[in-house]
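First the structure, in the form of structure tokens, and then the observations on it.
Computed from a predicted structure; not experimentally measured. Order of appearance sets the numbers: ligands from 1, and atoms from 1 within every ligand.
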Amino acid sequence: MCGIIGIVGTVSVQERLIESLKRLEYRGYDSAGVAGFTKQGVERRRAAGKLKNLEAVLAKDPLRATVGIGHTRWATHGPPTEGNAHPHRAGRVTLVHNGIIENFAELKAALAARGRTFSTDTDTEVVAQLLDQELETKPPLEAFKATLDQLRGAFALVVMIDGEEGMILGARRGPPLVVGYGDGEMFLGSDALGLGPFTNRIAYLEDGDFVAIDHATARIFDDAGHPVERAVQTVAQSATLMEKGNYRHFMEKEIHDQPDACQHTLSAYIDPVSTRFAPPSGLDLSAFDRIQIVACGTASYAGQIARYAFERLAGLPCDVEVASEFRYREPAVGPKTLAVAVSQSGETADTLAALRWCKAQGLTTAALVNVHGSTMAREADLLLPTHAGPEIGVASTKAFTSQVAALTALAATAARQRGRIDAAEEARVARMLLEAPRLIAEANAAEDHIRTLAPELARARDVLYLGRGAMFPLALEGALKLKEISYIHAEGYAAGELKHGPIALIDEATPVIVIAPSDDLFEKTISNMSEVAARGGPIVLITDAEGARHAPEGARVIVGPTCDPLVAPLVYAPPIQLLAYYVAVQKGADVDQPRNLAKSVTVE
Ligand code: M6R
């Protein structure tokens with residue numbers, strides 16, 4: 001979603017705004033803009049498309065200011081044109097916005113009735129007009145509060161007001177907004193990553209807060225307008241780093257980061273010396289009779305994979321539902337249900353709403369998140385961290401495997417706490433999980449071979465992914481990865497479902513990717529592959545050495561390490577990610593910032 005930044009600085013702001021917006025690019029955007037207080041008054045520069053277009057505008061017409069705001073826009077209301085790009089301006093007000101103003105139409109009608117005219121299709125311009133109207137009768141902070149009180153929806157705002165050259169206002173209702181503390185300078189931004197080049201001293205605004213920053217201070221108010229303090233934290237250097245090293249894309253780097261990411265994550269759940277599971281926050285899973293996982297996209301597939309472990313290993317019923325459906329379904333949940341929101345960002349609007357719904361039902365809630373200062377992390381009763389480090393590629397890779405690792409460790413914890421496994425078995429499972437990072441690294445060894453398969457797959461219009469057991473949700477994830485970054489239509493199916501419909505799609509032009517390390521279901525999957533082969537469907541089999549011996553004639557085979565089924569979803573994730581990656585590269589697609597996608601979906 002949109003990225004926003006505000007700087008009350010002492011040196012030229014233009015380069016700093018661009019540097020920060022580059023760090024926010026990963027959130028997904030289709031136009032960008034900046035504004036600053038210059039000697040001539042407030043000036044704006046905006047451009048449709050990528051930041052390089054805005055840089056070209058600035059090269060011709062620099063913004064000479066030290067205080068300014070910037071924005072990357074992910075279009076919601078109105079196409080991604082220069083005219084709809086932020087910052088938006090009305091009278092004395094210039095502002096940028098992330099989120100949606102749900103009642104913009106009625107506000108617009110009321111403002112229009114009072115003679116205000118609009119020049120964009122956006123909901124954002126309504127806020128600028130409304131604030132400008134409030135400023136006719138009120139001082140800035142009062143006018144800002146009065147404006148916020150009239151807005152419905154989930155949004156974050158950063159605002160400049162003519163005549164208030166040393167001040168920037170910000171507000172948070174839903175999407176995050178952080179305050180950065182510098183040396184004689186202050187910052188506002190969508191996240192700590194965006195402020196990384198300037199400061200790592202960060203205060204996270206609470207939902208409903210608004211703030212006024214100047215060169216030295218941040219005055220923060222809660223939604224009732226009372227002054228409040230928000231703790232200033234020094235965020236880890238790693239949370240502000242974003243380097244791709246020698247890799248061509250962040251996604252490629254993040255695929256290769258996975259052994260480390262999983263190891264760091266597992267170390268929060270397993271004591272490597274005693275090989276005992278030691279869940280964060282002292283979580284006692286024997287107190288629950290059911291797990292309810294809520295998540296979106298890739299995170300929901302991580303949940304679906306974990307369901308197998310929770311039920312098979314721990315005998316603990318586990319439901320997994322996409323948060324966007326769960327929150328509106330009025331599900332029946334028992335009091336001994338542990339609700340687990342799984343999210344890389346910890347900010348996904350639907351997942352956050354589902355978490356809040358569970359909390360309102362009186363359930364114990366846990367946030368299994370990668371961003372530990374996120375809203376979910378702060379609102380849930382328990383924080384279950386993943387330690388993947390910042391994930392910049394829009395397509396989730398290391399966050400996904402870290403989620404699977406953490407959830408599998410929790411399932412094993414539940415098995416032990418519920419008396420389903422003894423200490424010896426606990427130690428065996430713990431050792432197996434601790435071995436997984438090495439096996440993930442081994443799986444990456446197939447990379448060169450996978451690259452050679454990409455040209456053929458890149459010609460396909462449709463691709464099917466098949467898997468059984470926990471490999472089924474991995475097939476769903478494989479299909480999502482391919483769709484997201486290569487724009488090839490792909491679907492994942494449970495292999496046994498093939499003959500109930502999807503088999504009608506099989507022909508010579510429809511590749512079928514089968515994820516099937518040799519386990520006790522492998523023979524059945526061989527039969528499904530034969531059904532595909534009999535109809536001329538090209539097969540790519542992702543399996544281990546034993547499975548490779550049974551590959552149908554003509555199948556392309558990607559061989560991964562031999563491993564226990566419990567860790568197979570971790571070990572077989574890199575091949576499907578690499579396959580999608582190299583197909584996207586082959587097609588010349590924008591791997592790290594696929595069209596229409598946002599990294600963190602903070603609107604419904
Ligand atoms: O930040 P979250 O984990 O809550 O995000 C959930 C989904 O939006 C995310 O996993 C999405 O599906 C990714 N683009 C997948 O690669």
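The distance criterion of under 3.5 Å between nitrogen or oxygen atoms is met by Ser396 with respect to ligand 1. At least one N/O-N/O distance between Val394 and ligand 1 falls below 3.5 Å. Residue Lys599 has no N or O atom closer than 3.5 Å to an N or O atom of ligand 1. The shortest N or O to N or O distance between Thr351 and ligand 1 is not under 3.5 Å.
Environment of CZ in Arg230: crowded, with over 12 heavy atoms of neighbouring residues, nucleotides or ligands closer than 6.0 Å. Few gaps surround CZ on Arg378; more than 12 heavy atoms of other groups in view lie less than 6.0 Å from it.
Note: Thr408 OG1 to Phe310 CZ = 8.0 Å, rounded to the nearest 0.5 Å.
Counting heavy atoms under 4.0 Å from ligand 1, residue Glu347 does not touch it at all.
Using a cut-off of 4.0 Å between Lys/Arg side-chain N and Asp/Glu carboxylate O, Asp590 and Arg595 are scored as not salt-bridged. The existence of a salt bridge linking Glu477 and Lys481 is confirmed by a sub-4.0 Å separation between a basic side-chain nitrogen and an acidic carboxylate oxygen.
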Requested in this report: Kindly indicate, with the supporting measurements, whether the criterion side-chain hydrogen bond (donor to acceptor under 3.5 Å, both in side chains) is fulfilled by His387 and Gln263.
Outcome: CA-CA 8 Å; His387 292 280; Gln263 190 176 38; over 6 Å; no
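If you check which protein heavy atom lies closest to atom 1 (O) of ligand 1, you get Ser345 OG, 2.7 Å. Nearest protein neighbour of atom 3 (O) of ligand 1, counting heavy atoms only, is Gln344 N, 2.6 Å. Nearest non-hydrogen protein atom to atom 9 (C) of ligand 1 is Thr298 N, 4.1 Å. What sits closest to atom 8 (O) of ligand 1 on the protein, heavy atoms only, is Val601 CG2, 4.2 Å. Closest protein heavy atom to atom 5 (O) of ligand 1: Thr348 OG1, 3.4 Å. Taking atom 14 (N) of ligand 1 as the reference point, the nearest protein heavy-atom neighbour is Glu484 OE2, 2.5 Å. For atom 7 (C) of ligand 1, the nearest protein heavy atom (residue, atom name, distance) is Cys296 O, 3.6 Å.
Val371 places none of its side-chain heavy atoms less than 4.5 Å from the side chain of Met376.
Every heavy atom of Leu597 sits 4.0 Å or more from the atoms of ligand 1.
Close approach of ligand 1 to Ala395 (heavy-atom distance below 4.0 Å) involves ligand atoms 16 (O). Numbered from 1 in the order shown, with element, the atoms of ligand 1 that lie under 4.0 Å from a heavy atom of Lys481 read 15 (C), 16 (O). When each atom of ligand 1 is checked for a heavy atom of Gly297 under 4.0 Å away, the hits are 12 (O). Counting atoms of ligand 1 from 1 in the listed order, those under 4.0 Å from a heavy atom of Ala299 are 3 (O), 10 (O).
Applying the salt bridge (Lys or Arg N to Asp or Glu O under 4.0 Å) rule to Asp207 yields the partners Arg356; only residues at least two apart in sequence or on another chain are considered. Partners of Asn53 according to the side chain to side chain contact (heavy atoms under 4.5 Å, CB included) rule, which considers only residues two or more places apart in sequence or in another chain, are Ala47.
Of the residues Lys398, Lys599, Gln344, the one that meets the side chain to side chain donor-acceptor pair (under 3.5 Å) test with Glu391 is Lys599.
Glu254 and His249 form no side-chain donor-acceptor contact under 3.5 Å, judged by distance and modelled atom types alone.
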